[in-house]
Amino acid sequence: MNVTHAASKQSSLLRLVKSEAPTTCHTAILRHFSAEPNLAPPPSTDDSSVITEVVSLLQNNDNDWNNNDKLRQLLFPSNNSPHSLYAVSLPKITRRLGTTTKALKFFEYIQANSPSPPEPPSLSPTFEAMYELACREQPNPLSKLSELLYKSKDHNIPLTINSATLLVRCFGQAGMIDKSLLVYKELDPVLQNTHIRNVLLDVLLRSGRVDDALQMLDEMLKPDAEFPPNENSIDIVFTALLKRDQSGRSVSEEEIVGLVSKFGEHDLFPSVVCLTQLITKLCRRGKSNGAWELLHDVINLGGGVEAASCNALLTGLGRERDFQRMNTLLKEMKEKDIHPNVITFGILINHLCKFHRVDEALEVFEKMSGGGESDGFSVEPDVILYNTLIDGLSKVGRQEEGLGLMEQMRSKHHCAPNTVTYNCLIDGFCKAGEIERSHELFNQMNREGVPPNVITLNTLVGGMCRHGRINSAMEFFNDMQRKGLKGNAVTYTALINAFCNSNNINKAMELFDEMMKAGCSPDAIVYYTLISGLSLAGRLDDASFVASKMKEAGFCLDIVSYNVLIGGFCRKNKFDKACEMLKEMEQAGVNPDAVTYNTLISYFSNSGNFTTAHRVMRQMIDNGLMPTVVTYGALIHAYCLVDNLDEAMKIFRDMSTTSRVPPNTVIYNILIDTLCKNKNVEVALSLMDDMKHKGVRPNTTTYNAMFKGLQGKNWLEKALKLMDQMTEQACNPDYITMEILTEWLSAVGETEKLKNLVQGYEVLASKA
DNA sequence: GTAGGGTTAG
């Protein structure tokens with residue numbers, strides 16, 4: 001609407017100008033209006049005073065310019081001599097008028113009053129001034145700009161490069177991309193310089209017009225291009241390609257790598273920051289090949305590469321566990337004299353630690369700051385590097401050494417341990433079950449003024465929970481809360497999990513409520529934990545309730561949660577409920593996995609419905625899932641329960657021959673237990689041999705089943721042999737073992753024989 | 001650079 005309105009106004013103006021246009025041209029005026037600053041004489045001190053006077057007259061006599069002789073005199077000097085002031089002045093005056101409305105009115109005034117009409121190109125700078133005014137005008141600069149553009153076209157006034165750039169940018173920012181493109185295309189080709197192309201590139205890329213952008217870029221990148229790209233072009237292009245919310249089509253890594261090479265041929269390279277970000281982005285998208293190529297292109301084309309970019313690639317390669325290429329890159333850094341920094345070493349040490357190669361990590365650590373040895377430069381470790389190592393040590397149970405490193409960082413590098421340092425050590429001691437040491441460290445950090453954070457809290461709470469000290473954990477948590485350290489979802493997960501595991505479901509539910517009341521919003525893991533805990537405890541109604549709450553909160557149940565619920569319903573013999581879950585799963589697009597099938601196979605076979613169990617197994621295979629050792633275990637167990645040992649043994653044999661799923665200890669235990677109960681101890685013993693043969697380790701359950709069977713037959717010799725074997729294999733007897741053997745051996749007066757077993761156990765217990 | 005959970009056969 002604005003445009004139409006503007007157009008009608010414009011055409012009337014056009015008529016006006018044309019009707020009053022004299023037929024001859026006054027060279028003096030022409031010169032006044034000239035766009036070429038070089039043709040205009042340098043501004044004298046007079047200029048500004050005249051301009052000020054003109055502007056003042058224009059501003060103060062808003063409605064009566066036509067009757068203002070003074071104004072006319074200043075603008076159009078009667079003596080007809082070339083007035084140097086004028087040419088440069090018109091844009092200046094226009095700028096100072098402040099609004100486009102006034103400026104346009106002034107423009108009309110000039111058109112009407114000029115003794116001779118200006119050549120259209122000479123008005124270009126004045127329009128430039130008006131565009132500048134327009135784009136500052138609110139609320140709608142765009143309609144003003146469009147109106148001006150329309151007017152300038154009507155008058156055949158060409159755009160200056162500045163006007164065009166401004167228009168391209170403003171239209172682009174408003175999302176009027178086609179209008180931006182049009183302005184550019186209609187611009188005199190000699191003016192289509194690198195700068196405006198950069199602005200257009202930015203506009204196109206930001207709006208997702210990737211192909212248009214690449215097309216223009218392609219033209220710029222031609223070897224003989226008149227306006228080749230510059231440093232800004234490369235930054236604009238790659239910053240845009242890095243944008244996360246990039247609309248339009250995505251640019252493949254091949255294209256990105258290709259662009260870098262082409263820029264490289266113009267001796268242009270992305271900045272260190274840009275290159276590093278590109279590499280990071282590619283690596284995160286799983287395109288480390290592209291990242292590798294990118295970095296190497298820049299190196300080979302002679303662009304400068306710094307450690308940061310290499311670090312980005314090293315991180316990506318590390319994520320993919322591509323140690324070989326990590327090593328190659330490190331070698332190349334050395335060859336190209338790219339000095340590794342503390343982060344480079346941090347990446348290396350971190351990866352070594354994550355793969356439990358702590359000794360190698362320590363070696364690298366020693367070398368990096370060892371001076372001379374590492375090619376004349378040495379890198380001082382910082383707190384992060386120390387923390388990485390301390391964590392690595394703590395994770396493999398070498399927390400005492402970690403403690404030593406903390407002392408070293410203080411004394412050798414005057415590097416103060418921080419919260420993370422303490423957290424890593426506290427975690428190490430917690431994992432080792434040394435909760436007291438962890439507490440000591442916690443007190444120490446408080447004394448030193450190192451503030452504990454929620455991770456400190458969670459590490460201690462989790463450690464106590466894992467070691468069965470739930471009450472201490474609760475106490476500690478409450479204590480911390482009083483001191484102002486609030487827990488988060490992780491804290492509650494640890495506690496809820498611990499209460500579920502210790503059969504205190506009500507307390508777990510209570511904590512969940514407490515968490516909500518404390519304003520701590522539960523995440524998916526808290527829900528999963530609770531659903532699992534409730535299902536396993538047989539509280540399926542509660543579990544379903546939590547699941548519905550979870551869905552209300554916008555989370556989805558995953559396959560494991562569905563399996564937990566289905567398993568729970570099956571155990572409760574609520575098959576219809578299990579089916580409901582299966583249906584829901586399907587609707588949610590969650591595919592059943594091997595565990596789902598195993599759960600159902602177990603349910604059917606345990607209820608004696610072997611036909612259906614086998615049918616489900618068939619379906620499992622048809623759906624591309626291979627039966628697992630658990631599948632066979634479920635069937636074998638169920639056949640054993642109904643004393644169909646033949647069928648159980650048939651499946652067992654079938655496992656190693658046709659199915660190639662090697663039986664494990666559990667499978668042997670089921671069979672050995674059943675055989676012993678059926679007084680078939682010989683076959684059970686032969687299965688023991690079979691285990692030895694196949695390298696399957698018997699465990700306490702295996703021995704217990706055997707002892708029970710042997711006791712029934714009173715085969716003492718065999719039992720004593722197995723007792724020795726148990727000690728040899730460092731297999732712990734449990735209370736069932738002791739019960740069977742104590743009863744049996746005391747009855748036959750052989751209690752002495754129990755000694756070895758008990759002693760062996762004590763050795764093991766002390767080691768643990 | 002540091003913290004949390006869960007499924008199926010004995």
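First the proteins, then the strands, lettered A, B, ... as listed; each starts at 1. All values reported here derive from a predicted model rather than from experimental measurement.
Under a 4.0 Å N-O distance rule, the pair A/Asp359/A/Arg398 qualifies as a salt bridge. Taking the charged nitrogens against the carboxylate oxygens, A/Lys549 and A/Glu552 do have a contact shorter than 4.0 Å, which makes a salt bridge. Remark: A/Arg437 engages A/Glu400 in a salt bridge, criterion side-chain N to carboxylate O under 4.0 Å. Salt bridge annotation for A/Glu580-A/Lys583: absent, with no cationic side-chain nitrogen under 4.0 angstrom from a carboxylate oxygen.
In the set B/dG6, B/dG10, B/dG4, the nucleotide with an atom closest to the side chain of A/Asp523 is B/dG4. Nearest nucleotide to the A/Asp391 side chain, out of B/dA9, B/dG4, B/dT2: B/dT2.
Two residues are said to be in side-chain contact when any heavy atoms from C-beta on lie closer than 4.5 Å; A/Met691 and A/Thr702 meet this criterion. Side chains of A/Leu403 and A/Leu441 form a contact here, defined as non-hydrogen atoms less than 4.5 Å apart. At a threshold of 4.5 Å between non-hydrogen side-chain atoms, the residues A/Lys486 and A/Thr491 do not count as touching. In this structure the side chain of A/Ile740 never reaches within 4.5 angstrom of the side chain of A/Met706, judged on heavy atoms. Looking at heavy atoms from C-beta onward, A/Val590 lies out of side-chain contact with A/Leu557 at the 4.5 angstrom threshold. Counting heavy atoms from C-beta on, the side chains of A/Leu362 and A/Leu393 come closer than 4.5 Å.
Between the CG atom of A/Asn591 and the C1' atom of B/dT7 there is a distance of 16 Å, given to the nearest Å. Atom CG in A/Leu675 sits roughly 14 Å away from atom C1' in B/dG10 (whole-Å rounding). In this structure, A/Leu557 places its CG atom 13 Å from C1' of B/dT7, rounding to the nearest Å. Rounded to an integer number of Å, the gap from A/Asp382 CG to B/dT2 C1' is 15 Å.
Non-hydrogen atoms lying under 4.0 Å from DNA chain B are contributed by A/Val560, A/Ser561, A/Asn563, A/Val564, all within residues 560-569 of chain A. Non-hydrogen atoms lying under 4.0 Å from DNA chain B are contributed by A/Asn418, A/Val420, A/Asn423, A/Cys424, all within residues 418-425 of chain A. Within residues 436-465 of chain A, the residues approached by DNA chain B to less than 4.0 Å at the level of any non-hydrogen atom are A/Ile455, A/Asn458, A/Thr459, in residue-number order. A heavy-atom distance below 4.0 Å to DNA chain B is reached by these residues of residues 689-711 of chain A, ordered by number: A/Asn699, A/Thr701. Non-hydrogen atoms lying under 4.0 Å from DNA chain B are contributed by A/Asn488, A/Ala489, A/Val490, A/Thr493, A/Asn497, all within residues 483-497 of chain A.
A/Lys431 has no side-chain polar atom (N or O) that falls below the 4.0 Å cut-off from OP1 or OP2 of B/dT2. Regarding contacts with the backbone of B/dA3, a side-chain N or O of A/Lys395 is found under 4.0 angstrom from either OP1 or OP2.
Counting any heavy atom pair closer than 4.0 Å across all strands shown, A/Leu530 reaches no nucleic acid atom. Residue A/Ile525 is classed as a base contact, given a heavy-atom separation below 4.0 Å to a base. Residue contacts shown for A/Asn664 include a base, since a base heavy atom lies under 4.0 Å away.
Paired runs in DNA chain B never reach 3 or more consecutive Watson-Crick or G-U pairs with both distances under 3.5 Å.
A/Asp654 and A/Tyr632 share no side-chain donor-acceptor pair at under 3.5 Å.
Contact detail for A/Thr419 and A/Pro451: the closest heavy-atom pair is OG1-O, 2.8 Å.
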